[in-house]
Amino acid sequence: MSGVVRTAWRLGAAAVRGRAGRHLSQAATGGAEGGGAEGGGGSGSREAVERLVREHPVVVFMKGSPAQPLCGFSNAVVQILRLHGVEDYRAHDVLQDPDLRQGIKNYSNWPTIPQVYLNGEFVGGCDILLQMHQNGDLVEELKKLGIRSALLDAEKDQDKK
Amino acid sequence: RSFTSQTDGEARVTQVLREKFPRASAIKVVDISGGCGAMYEIHIESEDFREKRTVQQHQMVNQALSEEIKSMHGLRIFTSIPK
């Protein structure tokens with residue numbers, strides 16, 4: 001089943017700062033980051049993030065893109081979704097947008113990337129998604145969204161033997 | 001890797017968790033950044049997590065370590081409930 005990977009790119013006003021060793025505190029101290037808009041109306045504002053998480057049943061905030069993840073944990077999320085046959089989802093590369101990168105952490109009150117949202121609701125990061133995949137919860141959650149996991153078909157084939 | 005040696009970071013994080021989760025039956029903190037204090041793996045078992053969704057359990061840990069997390073690059077959390 002060939003799916004279409006749709007990625008929505010968020011290009012922030014500020015250039016991507018290739019700063020190694022970024023801390024999770026990500027101090028939103030106004031101009032310190034040299035980032036674009038602050039607070040209201042910016043790409044990292046509560047309203048902007050709210051709009052993004054509701055855009056699609058499956059929304060992922062990650063480093064890099066599904067075609068080219070730039071972090072092991074983000075890659076894990078992409079691979080897990082792929083296993084379930086979920087290739088059509090919204091992926092946002094936080095490395096392209098420092099405001100979004102901080103905004104999404106404020107929104108979910110969660111310090112790390114990647115972040116997975118199902119039906120607008122924050123589900124967790126890579127570890128939680130992996131757990132859900134292993135205990136069958138992910139198949140259930142996808143079903144609630146009207147998405148049939150590819151693994152169900154794989155299981156059926158096995159049972160036949 | 002010797003069981004007796006623990007980095008300062010691991011000890012500190014473990015201490016904070018012990019204070020914030022007095023009911024915890026098991027706490028294990030491992031520095032998975034090669035001793036740099038940049039990334040930790042946290043295993044914690046406690047009654048406090050019963051009846052809570054995984055993401056909520058993890059939020060509790062995030063909250064407890066909010067100060068320590070500021071200087072980390074990443075962390076992995078594994079919560080469980082005593083049998």
Side-chain angles (χ1 to χ4, degrees), chain A residues 19-29 32 53 59-63 69-77 80 94-95 101-102 104-138 140-141 144, chain B residues 7-10 12-17 20-21 24 26-46 48-83:
Chain A
R19 212 191 295 177
R22 211 172 257 242
H23 284 177
L24 295 179
S25 60
Q26 264 280 317
T29 49
V53 306
V59 180
V60 174
F61 296 85
M62 59 182 289
K63 294 182 178 178
L70 294 177
C71 141
F73 300 123
S74 286
N75 183 39
V77 166
I80 292 172
V94 301
L95 295 178
R101 185 175 180 172
Q102 186 54 42
I104 193 66
K105 291 177 186 176
N106 295 340
Y107 181 84
S108 60
N109 191 23
W110 188 266
T112 52
I113 303 291
Q115 294 190 11
V116 180
Y117 289 76
L118 295 182
N119 235 19
E121 195 186 318
F122 178 55
V123 154
C126 154
D127 291 334
I128 291 180
L129 200 73
L130 182 60
Q131 203 176 320
M132 288 172 68
H133 162 67
Q134 289 171 335
N135 66 19
D137 282 351
L138 187 53
E140 283 307 309
E141 290 299 319
K144 286 186 201 165
Chain B
T7 67
D8 286 342
E10 286 170 349
R12 195 177 57 245
V13 174
T14 306
Q15 188 50 36
V16 173
L17 289 173
K20 302 273 171 74
F21 293 96
I27 296 177
K28 183 165 106 155
V29 177
V30 184
D31 182 323
I32 55 177
S33 59
C36 291
M39 198 171 295
Y40 289 94
E41 197 173 277
I42 292 164
H43 296 257
I44 175 166
E45 180 188 86
S46 173
D48 297 311
F49 299 137
R50 199 173 287 279
E51 304 293 325
K52 293 199 166 67
R53 284 212 231 135
T54 309
V55 75
Q56 289 172 304
Q57 297 173 7
H58 288 208
Q59 288 282 28
M60 290 168 71
V61 179
N62 284 341
Q63 207 86 327
L65 296 174
S66 56
E67 271 307 306
E68 285 69 27
I69 283 178
K70 285 184 188 156
S71 55
M72 294 178 195
H73 292 309
L75 81 163
R76 312 194 64 170
I77 301 173
F78 298 91
T79 50
S80 57
I81 308 168
K83 299 191 170 49

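A, B, ... follow the sequence lines: proteins, then strands. Residue 1 opens every chain.
Looking at B/L75, both its backbone and its side chain come within 4.5 Å of chain A, counting heavy atoms on both sides.
The NE2 atom of B/H58 sits 10.0 Å away from atom CD1 of B/I42, with the distance rounded to the nearest 0.5 Å. The line from CD1 of B/I81 to NZ of B/K52 is 9.5 Å long, rounded to the nearest 0.5 Å. Distance CD1/B/I69 to OH/B/Y40: 11.5 Å, rounded to 0.5 Å.
Looking at every heavy atom in both residues, B/G37 comes nearest to B/D31 through N-OD2, 2.8 Å.
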Considering only distance and modelled atom types, tabulate donor-acceptor pairs under 3.5 Å from the side chains of residues 61-68 of chain B, sequence neighbours left out.
{"unit_1": "B/S66", "atom_1": "OG", "unit_2": "B/Q63", "atom_2": "O", "d": "3.2"}
{"unit_1": "B/E67", "atom_1": "OE2", "unit_2": "B/K70", "atom_2": "NZ", "d": "2.9"}

After noting the C-alpha distance and the side-chain angles of A/F61 and A/F122, does the key distance pass the ring-ring contact (aromatic ring centres under 6.0 Å, His included) rule?
CA-CA 11 Å; A/F61 296 85; A/F122 178 55; 9.3 Å; no
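Residue-level contacts of residues 127-136 of chain A with chain B, in order of numbering, are A/D127, A/I128, A/Q131; threshold 4.5 Å between heavy atoms.
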